[in-house]
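Each chain gets a letter, A, B and so on, in the order its sequence line appears, and its residues count up from 1.
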Amino acid sequence: MKLITAVIKPFKLDDAKEAVVAAGAKGITVSEVRGFGRQGGHTETYRGAEYRIDFIPKVKLELLVDDEAVDTVVSALASAVSTGKIGDGKIWVTSVDQVVRIRTGERGPDAL
Amino acid sequence: MKLITAVIKPFKLDDAKEAVVAAGAKGITVSEVRGFGRQGGHTETYRGAEYRIDFIPKVKLELLVDDEAVDTVVSALASAVSTGKIGDGKIWVTSVDQVVRIRTGERGPDAL
Amino acid sequence: MKLITAVIKPFKLDDAKEAVVAAGAKGITVSEVRGFGRQGGHTETYRGAEYRIDFIPKVKLELLVDDEAVDTVVSALASAVSTGKIGDGKIWVTSVDQVVRIRTGERGPDAL
Amino acid sequence: MDSGSLAWVLISAALVLFMIPGLALFYGGMDRSRHVLNMLMMNLYCALVVPIVWVVVGFSLASGSNDWIGNFDFAFLKDIGIEDGGGQIATIAFLGMFAAITPALISGAVADRMKFSAWAIFVPLWSLLVYVPVFKWVYGGWLGDRGSLDFAGGTAIHVNAGIAALAAVLVLGKRKGWPREAMPPHSMPLVIIGTGILWFGWFGFNAGSALAANGQAAQAFMNTFLAAAAAGLAWIVVEWLRDGHPTTLGAASGIVAGLVAVTPAAGYVSGMAPIFIGLIAGVVCCYAVRIKFKLGFDDALDVVGVHFVGGLVGSLTIGFFANPEFFAGEFHAGIFYDGGWGLLGEQALANLAAIVWSFVITGVLMLGLKKTIGIRVSDQAEAEGLDVTEHAETAYH
Amino acid sequence: MDSGSLAWVLISAALVLFMIPGLALFYGGMDRSRHVLNMLMMNLYCALVVPIVWVVVGFSLASGSNDWIGNFDFAFLKDIGIEDGGGQIATIAFLGMFAAITPALISGAVADRMKFSAWAIFVPLWSLLVYVPVFKWVYGGWLGDRGSLDFAGGTAIHVNAGIAALAAVLVLGKRKGWPREAMPPHSMPLVIIGTGILWFGWFGFNAGSALAANGQAAQAFMNTFLAAAAAGLAWIVVEWLRDGHPTTLGAASGIVAGLVAVTPAAGYVSGMAPIFIGLIAGVVCCYAVRIKFKLGFDDALDVVGVHFVGGLVGSLTIGFFANPEFFAGEFHAGIFYDGGWGLLGEQALANLAAIVWSFVITGVLMLGLKKTIGIRVSDQAEAEGLDVTEHAETAYH
Amino acid sequence: MDSGSLAWVLISAALVLFMIPGLALFYGGMDRSRHVLNMLMMNLYCALVVPIVWVVVGFSLASGSNDWIGNFDFAFLKDIGIEDGGGQIATIAFLGMFAAITPALISGAVADRMKFSAWAIFVPLWSLLVYVPVFKWVYGGWLGDRGSLDFAGGTAIHVNAGIAALAAVLVLGKRKGWPREAMPPHSMPLVIIGTGILWFGWFGFNAGSALAANGQAAQAFMNTFLAAAAAGLAWIVVEWLRDGHPTTLGAASGIVAGLVAVTPAAGYVSGMAPIFIGLIAGVVCCYAVRIKFKLGFDDALDVVGVHFVGGLVGSLTIGFFANPEFFAGEFHAGIFYDGGWGLLGEQALANLAAIVWSFVITGVLMLGLKKTIGIRVSDQAEAEGLDVTEHAETAYH
Ligand SMILES: Nc1ncnc2c1ncn2[C@@H]1O[C@H](COP(=O)(O)OP(=O)(O)O)[C@@H](O)[C@H]1O
Ligand SMILES: Nc1ncnc2c1ncn2[C@@H]1O[C@H](COP(=O)(O)OP(=O)(O)O)[C@@H](O)[C@H]1O
Ligand SMILES: Nc1ncnc2c1ncn2[C@@H]1O[C@H](COP(=O)(O)OP(=O)(O)O)[C@@H](O)[C@H]1O
């Protein structure tokens, strides 16, 4: 099993959800994050003092998927959230040793 | 070393903490997340317009543990937070290459 | 490719960012988390009722880096955020199978 | 009513109305974030339904020469005009605000677990069956006639709502997880916004109760100022000595406790008396809010500890501090002004009567609702939050 | 003006000023968190620029004996002193608050996509070209002279700003993603803070419009109290029956709808009339806020559904409920008081005139701005949030 | 005092009290979230302790015929009754609010690092040693007698507290990380809630200082309205031109700067003068808040830049704009009204005297506290947040 993590632009969350569900994902865990990267941040000014804000709001998605589903889900996700503009974000995939569904105690792919 | 990640119902956080500490875990990192899965969401209504909210509040736990502690901790955690109702959440385990305790610079299992 | 995750004290975020950028990191994803560990928490009192708060505010950094950059970044990060006081936090490293830059579709090290 | 007094009564009435969202925010900030809208709604609802009930029949039943209850002569505000320059209409509006905020006080006790449908029925019934009679007894009924004093509603409002809160939670039961689970305020700044509005509005509540811009109003104003300050100070000093830290919630709670305590006394005491009343209320209420843990009733936001106990403290201290000479007033003097124990006895009796009636009728009302439509949400709804389950909303997005 | 009336007008004026941040918070809470400061700024800005415009030339143009527009006699407050005891100065300040809050109402419609530079120009121009003439026609111009009634600004303020909001959004276009994307309020507690301030302040708005502490002020006060309560109640009952849940935003919206509706009527109706006006406004506006989805115009925070429709409801119901006998007033009676259909006709005409003028001039103004400096931020700015792009700030850190 | 004036003074006093939580929220919103409760507490605490100090001895020391300091004749409000209809009691309460809010202003400067225990001692001592004497000199003492003008506390309150803030932070030292680290406001909506309350309350502060509902009150009201608007406008225009964006915090800061500046002038200027005063204050303060970066003193929330500088601007502009003819008043005319340079000289002297006394005594007081109980929390507490370490609370859960 694999864990797909994606950091995307916040307003793309709905599109992302629809795309991964269509691609067969059964669940998603989402967190509010802030990202620093090529996109650069912005400047805020309070009483004339400028503050550089390097971290901009992003949303992080975590999806546990079957090994064979990884490519489909990653592609579906990537194309759903891409705007072609800098700051679209990253997707990365890591290996998962074990998954447990708490409610039932099921383990492995059945637990997804 | 392994990283145990669990997504659970928010009101189970205290129970989870007690269970994993009893099972020998030395630390936990917690984040507020929102989850989408079989549980389904709810509908909100603002001035007569219905919005479907698919993501419901969950809490994510991350625990770094020794290889041998994984099973004990996962089982303890799973049984502590299970309510038997849909939406109880998932636990997953991934492998960790290296751990560093920042304060001391210790590495490996000592750093947990 | 590797994913470096670090849980640090919130007020060390700026130092951390500067250190890892200097060490060659191209991006960071940050989340607000709460941590439980040796540091212990604090007690809050509301209308005479004491509540034990075990989880204290921390910041979590995630950095995708090239295999060869791991050690430099980890060391730079560790020394930048260390105060020598309990609660400085952890850094851990996991292996990443694949990385995709959403904007371009690039994969692998080029996507970092 | 001359134009200056009318201006004062009108602005005072607006101030009391403002206290309702103030109270909602005070309570809402102390609540947890998944229940806060339900708390706000319980309060707002009182401001929606009670005014209608008040002008349709409540005011009429609270008036009249009978000792126990009024009649229907003024139902639908019949025959009430503005030939008098507006004084009567202004007074009825002012009193309508009082009627609206009183049941709102109770919401803090039943927080986080009561069905909104049950609350929706409870509020107008409670207004008519509990608030109106007690109000009538105290102002122009048998209790007032005997000589008991209640300037702006210590007995009629705070003791009344406070004991009703106790009856209500005894029927309703505890929140899941209480007292084991920590349930800290989700937004202290909201609590302070509420506290600020309450203190501000309370000047209208108390000094407006003179129903004129006169010396009594001015003194009631000064008393309101000083008692709140003294009680807030007392509360944080107790905390500092006892728990090690003075807290913001303590300061806010002390201010409210002082305001509650000075309410019945505001137009009858003078000089340093409000400071003593405030100090006593601050200390006593700071301890009283812990009784619920001992006795095991889940008064979520301390309506009993602050309003019942604070109201009682204020009402009884009148028995000591009432000073008719200062006001050139026709009321009984307190013990410290050579009035003897009589007034204190009347104060005790008045509160006792209010307590018994309010506790019994509220209990019966809650039991009736429990047997019929039910008063408590499901455990699942309580866990998920009443905002979503009762109102299909979430406070923060 | 005697001292009691002056006190009342001054505090009323302060209350109306307070409504501007109240409105800002009401709107800002409903907004999404990345645009909230822009919303607050659009409102605050009205309170910064309009007062200056008002005393420099606005008041003067809104006064005078001409039927259509005033002159420059009082520009820069020339010759206006305090020999009258301050009444005139107080009245000009009071009216200046009205002038300031009226364009602020429009901000809720154009939320989240309008360039602040365009808004900065729009507001003073709209005040002079739309608000001042309509105000003049209604108060001391051809519409008022014909006998139409508008106590505190139903036509001159709410219908006027409401229809201007419609014109503005038709030119401006929809927010990206509307109506597909959910755009729930980011902070309901802020909405309730705003609602509380609005209700509180509206007592000054309506009852202060008597420009004296007298019987009419008292009755206007009572009407403001009752109509808001009734409308809030009606709105949540409709929601409960129709959608399954009474909502906090519904209660707040109903209160505001009732306040809007009673505004033109406050000094002309009595008895249970405000309750009926409130009930009608609550039901009608609760349905009216959904029209935008049918017709496809993006009135972000329902300025049309609440202010235009609510104002119209209130203004037309005067045709039924106006009761000169009660006030010993010189105005036409409504249908229910044997006044016949004449008043209703005048009310319809007055609103029609205001609607046509406001819609056309606002539309032309927005089109002019669109052709010149542009009125809309870039799509990127809209996605990133106007707080950062227009104001270099973020609401929460 | 007639009933209309009494109504006006009472509501004005309530408005000034309301400014204390308003100020707390204004400051608290600008603060970082881990220190916000400490900020709220520092402000609330002033409202708890100063009223007591004021009636026990403060008012008495601030009264009397001596040129420098009063006596103990009115300690414990001895012999102060309501035979006069309440005017005296109302005035003492009104002035008590002023006494309470003045030290609260200082809290914004010492934010995020001062021990609460030190603050708890500092406030009552500062009230007695700094506020009371300066107040006495200005109102019924040597400075006022010489002819300097200060309608509602420009010198006695804003300049006084502003320079004390400077002395305090010089002793206290900088916050860790300042100015390197960004310390943006944690909640701008809180700042705007505070700003709204402050503007609203300031009408009582300034127009209430006429101590009557009369023409001077009305003009002070109008001036308060216009100066705040003009200063807010000026501030955002400067920002727009200089920094590229008009900001919400800029609008709020400008409003407050305008209110501060018009405070001493409110009852002495007329016509377009408040607009000029506001414009000057807006521009000057917008630049003044940056001085701290140049000079390196950590005045966290710009008490010096807004209150000291704004107060000074307002106080000195009186020397130009004072218009006794308009008010039929007995005071000196300003330069623009052919009064010559005399008044300006008196204004300068009065402020100089206040500045020297306040700076020196505040500095000595802070040094004394530093040497004894200590004034600064540990670095660790500063990092963790004063809410938890000083008050065992957290603002948001
Ligand atoms: N090396 C990295 N490690 C972790 N997160 C990254 C990394 N690079 C980028 N990110 C995340 O992806 C977001 C977008 O990256 P950015 O470099 O701005 O644009 P793009 O994805 O178009 O190259 C960042 O805000 C950050 O959250
Ligand atoms: N495939 C998945 N990947 C990531 N997170 C998941 C996945 N499936 C479920 N989750 C998380 O677990 C939570 C509970 O899952 P859900 O399917 O609702 O119920 P259950 O755990 O009882 O099967 C979700 O809200 C989500 O946060
Ligand atoms: N075993 C662990 N698993 C996950 N997170 C941990 C673990 N141990 C510590 N942490 C995180 O690191 C933070 C600091 O750890 P702590 O034990 O308090 O101090 P130190 O890092 O100095 O040993 C904790 O607050 C928690 O967020």
**Message:** Heavy-atom cut-off 4.5 Å, strictly under: side chain, backbone, both or neither for D:I275 against chain F?
**Reply:** side chain

**Asked** chain F heavy atoms under 4.5 Å from D:E239: which part of the residue, side chain, backbone, both or neither?
**Response** neither

Distance (rounded to the nearest 0.5 Å) between [X] [atom1] and [Y] [atom2]:
{"X": "F:L77", "Y": "D:Q219", "atom1": "CG", "atom2": "CD", "value": "8.0 Å"}
{"X": "F:H397", "Y": "D:R32", "atom1": "NE2", "atom2": "CZ", "value": "12.0 Å"}
{"X": "F:I52", "Y": "D:L233", "atom1": "CD1", "atom2": "CG", "value": "6.5 Å"}

**Message:** Run F:M41 and D:T247 through side chain to side chain contact (heavy atoms under 4.5 Å, CB included) and show every step you take.
**Reply:** CA-CA 8 Å; F:M41 263 302 256; D:T247 73; 5.8 Å; no

Between [options], which residue shows the highest count of heavy-atom pairs closer than 4.5 Å to chain F?
{"options": "D:G271, D:S3, D:A251, D:P189", "result": "D:P189"}
{"options": "D:S5, D:A328, D:A231, D:P184", "result": "D:P184"}
{"options": "D:A228, D:S187, D:G204", "result": "D:S187"}
{"options": "D:F203, D:W202, D:F225", "result": "D:F225"}
{"options": "D:L15, D:I193, D:T195", "result": "D:I193"}

**Asked** Are F:F116 and D:W240 close enough that their ring centers fall under 6.0 Å?
**Response** yes

**Request:** Please report the C-alpha distance between D:M188 and F:E393 in whole Å, then the side-chain angles of each, then the deciding distance to 0.1 Å, and finally whether the side chain to side chain contact (heavy atoms under 4.5 Å, CB included) criterion is met.
**Result:** CA-CA 9 Å; D:M188 280 301 303; F:E393 294 175 297; 4.1 Å; yes

Tell me, for [X] versus chain D, whether the close heavy atoms (under 4.5 Å) come from the side chain, the backbone, both or neither.
{"X": "F:T394", "result": "backbone"}
{"X": "F:I11", "result": "both"}
{"X": "F:I80", "result": "backbone"}
{"X": "F:M1", "result": "neither"}
{"X": "F:I197", "result": "neither"}

**Message:** Would D:W199 and F:I20 count as a side chain to side chain contact (heavy atoms under 4.5 Å, CB included) here? Give the steps.
**Reply:** CA-CA 11 Å; D:W199 196 351; F:I20 300 176; over 6 Å; no

**Request:** Before giving the answer on side chain to side chain contact (heavy atoms under 4.5 Å, CB included), spell out for D:L249 and F:L37 the whole-Å C-alpha distance, their side-chain angles and the decisive distance to 0.1 Å.
**Result:** CA-CA 9 Å; D:L249 184 60; F:L37 296 184; over 6 Å; no

**Prompt:** Above 12 or not: heavy atoms from other molecules or residues under 6.0 Å from CD of D:E181?
**Reply:** yes

